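In what follows, a single structure is set out as structure tokens and then discussed.
Please read all numbers here as calculations on a predicted model, not as lab measurements. Proteins get letters first, then strands, A, B, ... in listed order; numbering begins at 1 in each. Side-chain atoms are counted along with the backbone in the values below, which use heavy atoms only and exclude waters and symmetry mates.
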Amino acid sequence: MLDLKRIREDFEGVKQAVERRGQGDFGIDQVLVLDEQRRKILAQVEQMKNKQNQDSKMIPQMKKEGKNTDDLMAEMKALSEEIKKLDPRVSQIGEELKQVLLNIPNTPHASVPVGKSDADNMEIRKVGTPREFDFEYKAHWDVGADLDILDFERAAKIAGARFTVYKGLGARLERSITNFMLNLHTEEHGYTEILPPFMVNRDAMIGTGQLPKFEDDMFHVPAKDFFLIPTAEVPVTNLHMNEILEEKQLPVYYTAYTPCFRKEAGSAGRDTRGLIRQHQFNKVEMVKLARPENSYEELESLLLAAEEVLKRLEIPYRVVKLSTGDLGFSSAMTYDIEVWMPSYNRYVEISSCSNFESYQARRANIRFRPEEKGKPEYVHTLNGSGLAVGRTCAAILENYQQADGSVQIPKVLQPYMGTDCIRK
RNA sequence: GGAGAGUUGACCGAGUGGCUAAGGAGCUCGCCUGGAAAGCGAGUAAGGUGUUAAAGCCCCGUGGGUUCGAGUCCCAUGCUCUCCGCCA
């Protein structure tokens, strides 16, 4: 959520920043209108309440002195009626205002390139060189099916399209990748491991920005009004919802493995084969709560921690900075890491590392108390995949496949796998 | 699913209709001490909104209601704990 004061003080600036996303102004004009209305009525009602508070103090005193309070009480009854008429107006307008604010995305950082779509993303660096195959290489779904380690047909039978069953060394590979990533981030990058609930309540979903705007993309559990998490970002960022942290606690680094659940509404027909786009997939996520003044340095180190996974797996990738047209709703700046996927003959997103600045913190009410006393301030929140496990698995199956149909295991995973190769 | 208890300040905790929501822990300073702890004394203290600053307004889990006035009474509800049931 954007800062109301900031919108008040720099309306044109904020409006232009939001418009750089190329999706209109999200009705931001309404913010000013509603805010002004609300403040006007609020001033009136506060004045009336002041009188009410003053006068009601007199009643017990008058009674003690044996004076008649009937007139005063009649007068106050009338005042009370007036207040009861205006008060709901204030909260009603306040609620409307909040809804408008919740549906306005974050303002992109000034350095984010303006663009319409992912075609306008800016390449930052390329690491590694895509392998030249001297045989007819296969897509990972064929590699997996031929080795009997991925079973899409049976997954469809028990669940439907966009699900996968991992089997044997396939299941073990997924588990090995997960453990490798968690160990790397906890042992070498200073992250604390979290294993959160995979369902969350509405407040958490609002806190990180999935609701109210994207409810249709989420799996909902009506019995308890829970949502299956679309990413660990939701439970982990919201761990500190409604808290005031001490400044010396910052920065907070968390990493979490969770499955992620997405309806993938609107992506019908895209990436229908293989592990790339599933209703349920595994991901290791990294989340940071940082001081505002160095959150962009924290974004760079977050990105490097995610890249380190692919470096050690020795798989080629590139880093792009998302343009305003491709930027997520809550994000001020995002880097995507894209892994080389031979069957797609291009780089495919495997991680998204973002700085949300105070946008989520304001929604989730996550603050810290600056050392030099002062009022609590909102933290900056960041997160990034470190990495999407299913896509990493796909990338390994494709990039490490051999002419005989077997798949070599990257060196760093061999201790986890107990073998250096998956064969028939 | 059933029954009961609880929910108050960065922590603990008193408070069933009206004076400024007790007290304690904490923190700061002082006394005491070789130094510290304990003890004693004094001071300080949450958050939101608003303002140049203030005043004012709001805040006792949440949402309604009763009342001139609600932490306190009524209704609904979230969460935590205990017991019963079910269950890995």
- If you measure from the Lys or Arg side-chain nitrogens to the Asp or Glu carboxylate oxygens, is any gap between A:D25 and A:K15 under 4.0 Å? yes

- Message: Regarding A:D225 and A:R202, does a basic nitrogen lie under 4.0 Å from an acidic carboxylate oxygen?
- Response: yes

- Message: What I want to find out is whether A:E297 reaches A:R291 closely enough, with some N-O distance under 4.0 Å, to be called a salt bridge.
- Response: no

- Note on the structure: Closest of B:C79, B:G56, B:U20 to the A:E46 side chain is B:G56

- Could you work out the separation of B:G48 and B:C59 based on their C1' atoms and round it to a whole Å? 7 Å

- Message: Taking the basic N atoms (NZ, or NE/NH1/NH2) and the acidic carboxylate oxygens, is any pair closer than 4.0 Å for A:E36 and A:K40?
- Response: no

- Whole-Å distance between B:U49 C1' and A:R367 CZ? 13 Å

- In plain terms, say whether A:K263 and A:D216 are close enough for a salt bridge, that is, a side-chain N and a carboxylate O under 4.0 Å apart. no

- Item | Euclidean distance for P, B:A5 against B:G63 (whole angstrom) | 24 Å

- Item | Value in whole Å for how far the P atom of B:G56 lies from CD of A:Q47 | 13 Å

- A:K51 side-chain N/O to B:C57 phosphate OP1/OP2 under 4.0 Å: no

- Message: Does either side chain, that of A:Y296 or that of A:E357, offer a donor lying less than 3.5 Å from an acceptor on the other one?
- Response: yes

- Item | Interatomic distance at P, B:C75 relative to B:A3, whole Å | 15 Å

- Within the pair A:R39 and B:U49, is there a side-chain N or O less than 4.0 Å away from OP1 or OP2? no

- Query: Can a side chain N or O of A:N53 be found less than 4.0 Å away from OP1 or OP2 on B:G18?
  - Reply: no

- Task: Provide, to the nearest angstrom, the distance between the CG atom belonging to A:N201 and the C1' atom belonging to B:G61.
- Result: 14 Å

- Message: As a test of reading the structure: which of B:C68, B:G50, B:C79 is closest to the side chain of A:K224, going by heavy atoms?
- Response: B:C79

- Message: Between A:E95 and A:R38, does any NZ, NE, NH1 or NH2 come within less than 4.0 Å of an OD or OE carboxylate oxygen?
- Response: no

- Query: Rounded to whole angstroms, how far apart are CD on A:Q54 and P on B:U20?
  - Reply: 10 Å

- Using the P atoms only, state how far B:A25 lies from B:A42, rounded to an integer number of Å. 13 Å

- Query: If we ignore angles and hydrogens, is there a donor and acceptor under 3.5 Å between the side chains of A:Q360 and A:E233?
  - Reply: yes

- With a non-hydrogen cut-off below 4.0 angstrom, is A:E246 in contact with a base, only sugar-phosphate, or nothing? base

- Query: Counting side-chain heavy atoms from CB outward, which of B:C57, B:U67, B:C79 is closest to A:K84?
  - Reply: B:U67

- Note on the structure: note: A:N365, atom CG; B:G47, atom C1'; distance rounded to Å ~ 10 Å

- Could you work out the separation of B:A10 and B:C27 based on their P atoms and round it to a whole Å? 16 Å

- Message: Which nucleotide wins on minimum distance to the side chain of A:R369, given the candidates B:C68, B:G56, B:A46?
- Response: B:A46

- Message: Just the rounded figure in Å: distance from C1' of B:U67 to NZ of A:K63.
- Response: 11 Å

- Report yes if at least one side-chain N or O of A:S80 is closer than 4.0 Å to OP1 or OP2 of B:U67; otherwise report no. no

- Task: Using a 4.0 Å heavy-atom cut-off across all strands, classify A:R8 as base, sugar-phosphate, or nothing.
- Result: sugar-phosphate

- Starting from C1' on B:G69, measure out to CE on A:M58 and report it in whole angstrom. 14 Å

- Base-paired stems that RNA chain B participates in, counting runs of 3 or more Watson-Crick or G-U pairs under 3.5 Å: B:1-7 with B:78-84, B:26-31 with B:39-44, B:47-49 with B:56-58, B:61-65 with B:73-77

- Note on the structure: Considering only heavy side-chain atoms of A:P376, the closest of B:U20, B:C68, B:G48 is B:G48

- Comparing nearest nucleotides in RNA chain B, the 5'-proximal residue of the pair A:R38, A:K49 is A:R38

- Sticking with atom C1', work out how far B:U7 lies from B:G15, rounded to a whole angstrom. 15 Å

- Query: How do A:I244 and A:M76 order along RNA chain B: which one's closest nucleotide is nearer the 5' end?
  - Reply: A:I244

- Query: Between B:C68 atom P and A:K77 atom NZ, what is the distance in whole Å?
  - Reply: 4 Å

- Which whole number of Å gives the distance between the P atom of B:C81 and that of B:U28? 35 Å

- Task: Pick the C1' atom in B:A46 and in B:G30, then give their distance to the nearest Å.
- Result: 26 Å

- Query: Would you call A:D55-A:K51 a salt bridge at under 4.0 Å N-O?
  - Reply: yes

